[in-house]
Visitor: 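Provided herewith is a single structure, encoded as structure tokens, for subsequent inquiry.
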There are 2 protein chains.
Amino acid sequence: MGSVEEERPDGVGSIAHRVPDLGALELLLAVARLGSLGAAARELGITQPAASSRIRSMERQLGVALVDRSPRGSRLTDAGALVTDWAGRIVEAARAFDAGAQALRDRRDSRLRVAASMTIAEYLLPGWLLALRAGRPDTAVSLLAGNSAAVAERLLTGEADLGFVEGLDAPSGLDSAVIAHDRLVVVVAPVHPWARRRRPLDASELASTPLILREKGSGTRQVLDTALGGLARPLIELSSTTAVKAAAVSGAGPAVLSELAVGEELALRRLVAVPVDGVSLARDLRAVWPAGHRPTGPARELLTLTRG
Amino acid sequence: MGSVEEERPDGVGSIAHRVPDLGALELLLAVARLGSLGAAARELGITQPAASSRIRSMERQLGVALVDRSPRGSRLTDAGALVTDWAGRIVEAARAFDAGAQALRDRRDSRLRVAASMTIAEYLLPGWLLALRAGRPDTAVSLLAGNSAAVAERLLTGEADLGFVEGLDAPSGLDSAVIAHDRLVVVVAPVHPWARRRRPLDASELASTPLILREKGSGTRQVLDTALGGLARPLIELSSTTAVKAAAVSGAGPAVLSELAVGEELALRRLVAVPVDGVSLARDLRAVWPAGHRPTGPARELLTLTRG
DNA sequence: ATGGGGGCATAAGCTGGGCTTATGGGGAGC
DNA sequence: GCTCCCCATAAGCCCAGCTTATGCCCCCAT
């Protein structure tokens, strides 16, 4: 009201200006945990005035009082407790990001070299890396992402210690253990006619409908092509899972994705799963390693984590 | 190696310096979606050089090439696709944060005033608000968090249109619909002796063990006290779910929390659930409204979302 | 072949947010 | 009453990120 600014209809567009940055959120979490601005500042290696000012500017930005200050410490307000919890989820995602990014970078002198398919690297590995870091903080992990064949090759040439692939059968020359199951799902935006569909799609219907797909060569695409007999018709081909999801959410058409990739979207009903019949879209997720060389050390540790 | 910096053992402490800020992550997502730095820049309302420089500094920070630039556009590298997906999850959490924060602030002239218990406000409402915003972008929602009694009062005095509470029975004077089920769980860090325990805990054992708890008066605490006959022994009392989780994860002792609150921690094995027997820790999550006044308009919309 | 447009990079300069140091006031405990 | 631990304010510094102004490259259409 009264501000000209952009022509954005408030709620669309850059969220970064409306959400405090990660440093501020971490600070808030520290304040919640430690009960004082000064203590939180010390933990983060900044000075108390810096913490004080940062919390205050966060309160100004959000328009809500977050902490009750007193000469004996600071406690969260009710709103502050909520905000802090929401902040925790952002920070959690950031930690997963960091764990993954570090593995992408560490290529040198890593004690554990992992090769994984895209889907697994995207959705499962960061969590595993976090858990591993919790138990073995000094284990440097490197990550190479590629398709099943690339993973197998890395293992056989000794460039990787442990691999993860999705698919119906284990690559030859490798031992494997099934660690989880996955399934491709057909998803549409809630506004799409298929969202209300009860009668399952069959193979021919799926094959004759233009779909939003990953490009040829991706594991997801291969499974679908195989299931349909090489007939999947692309509406558009996109280069990343994220792009496919975004297109589907925006209503461009039906997409086919791993259920790992759309779990959250389904929960939030940004996407709706369409029942499918007569098409085998299931696949296993496997840990793989060179035949006869049971994983030891950090690799064994990681393998244990993945099976729980 | 070679840098003095902090005495932090790399992996501990402030994550904010190792993770690009939200603006950069949003930019990366836009680049992935639109296929060009310039187009992404336009969408975010910045200039092309700004986008170029920001992506470049993000690549420098992460030590990984994210996009392949060409005179005809930019595409993600393999590593970039991974990073973009991980970034998407941070941004998603940020959107939930924003939706929640906006509801905390909007107190005035909101078309839908919601009152909710802490647990529901923390874990479920942001997702609902996002979904609501997707369908009805112009619905201003305000959120008041409080215990069941407070929620009931807000509804009865007309200060709120729709409420959400957790508990065994619906407050009197209100109509209600069960929208989900919840259960308190006993959780410990993986290093805690109870983490390997097979034999379920019984009520007396739980009552005689000092626990990390929310403070008296919180809904979670009340359910536990009731289940144990008012006997829960606090090891420490903390003011927020986040603080309780952090204490439990750090191994301070067993904590009792809603399973909604610890879902992610259990999945990542940062916490382990301890089996419990002979203590009724289940509770319903209910939508509530003044008796006889079925929700209409935006309230009905939201109610539909919660049952999906 | 040639000009235009879309794509990206580099350079120079400005601004503001977030940091620091320095200082002051308020409550609790020995 | 002295001391310690809170927090707030003020003044100044610095760098990250933005903008404007260029230039190069490639493709395509005229």
Visitor: Just verifying a value: how many Å separate Leu238(A) CG and Arg33(B) CZ, rounded to the nearest 0.5 Å?
Guide: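 Leu238(A) CG to Arg33(B) CZ: 11.0 Å, rounded to 0.5 Å.
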Visitor: Quick one: list whatever passes salt bridge (Lys or Arg N to Asp or Glu O under 4.0 Å) with Arg89(B), sequence neighbours left out.
Guide: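 If we apply the salt bridge (Lys or Arg N to Asp or Glu O under 4.0 Å) test to Arg89(B), skipping adjacent residues, there are no hits.
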Visitor: Using chain B heavy atoms and a threshold of under 4.0 Å, write down where along DNA chain D the contacts begin and end, 5' to 3'.
Guide: dG17(D) to dC27(D)
Visitor: Looking only at side chains, do Thr241(A) and Arg214(A) share a donor and an acceptor under 3.5 Å apart?
Guide: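 There is such a pair between these side chains.
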Visitor: Could you walk me through whether Lys245(A) and Glu92(B) satisfy the salt bridge (Lys or Arg N to Asp or Glu O under 4.0 Å) test, starting with their C-alpha distance in whole Å, then the side-chain angles of each, then the deciding distance to 0.1 Å, before giving a yes or no?
Guide: CA-CA 13 Å; Lys245(A) 277 200 287 190; Glu92(B) 199 60 38; over 6 Å; no
Visitor: Holding to side chain to side chain contact (heavy atoms under 4.5 Å, CB included), I want the full list of residues that pass it with Glu159(A), two or more places apart in sequence or in another chain.
Guide: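 For Glu159(A) the side chain to side chain contact (heavy atoms under 4.5 Å, CB included) partners, ignoring immediate neighbours, are Arg154(A), Thr157(A).
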Visitor: If the condition is salt bridge (Lys or Arg N to Asp or Glu O under 4.0 Å), which residues does Asp68(B) pass it with, not counting sequence neighbours?
Guide: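 Partners of Asp68(B) by the salt bridge (Lys or Arg N to Asp or Glu O under 4.0 Å) criterion come out as none, since no residue qualifies.
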Visitor: Start with the C-alpha gap between Arg69(B) and Glu59(B), add the side-chain angles, then the distance that decides, and say whether salt bridge (Lys or Arg N to Asp or Glu O under 4.0 Å) holds.
Guide: CA-CA 13 Å; Arg69(B) 297 140 173 90; Glu59(B) 290 178 314; 2.7 Å; yes
Visitor: Please produce a list of atom pairs where a protein N or O lies less than 3.5 Å from an N or O of nucleotides 1-8 of chain C.
Guide:
residue, atom, partner, partner atom, Å
dG7(C), O4', Pro71(B), O, 3.3
dC8(C), OP1, Leu37(B), N, 3.0
dC8(C), OP1, Ser74(B), OG, 2.6
dC8(C), OP2, Leu37(B), N, 3.2
dC8(C), OP2, Gly38(B), N, 2.9

Visitor: Could you pull out the protein-nucleic contacts involving nucleotides 16-19 of chain C (nitrogen or oxygen on both sides, under 3.5 Å)?
Guide:
residue, atom, partner, partner atom, Å
dG18(C), OP1, Asp21(A), OD2, 3.4
dC19(C), OP1, Arg54(A), NH1, 3.1

Visitor: Walk me through it: do Arg133(B) and Asp138(B) pass the test salt bridge (Lys or Arg N to Asp or Glu O under 4.0 Å)?
Guide: CA-CA 7 Å; Arg133(B) 180 183 289 185; Asp138(B) 52 347; over 6 Å; no
Visitor: Is the backbone of Gly80(A) close enough, under 3.5 Å, to the side chain of Thr84(A) for a donor and an acceptor to pair up by distance?
Guide: yes
Visitor: Measure from the side-chain N and O atoms of Trp86(B) to the backbone N and O of Glu122(A), and report whether any donor-acceptor pair falls under 3.5 Å.
Guide: yes
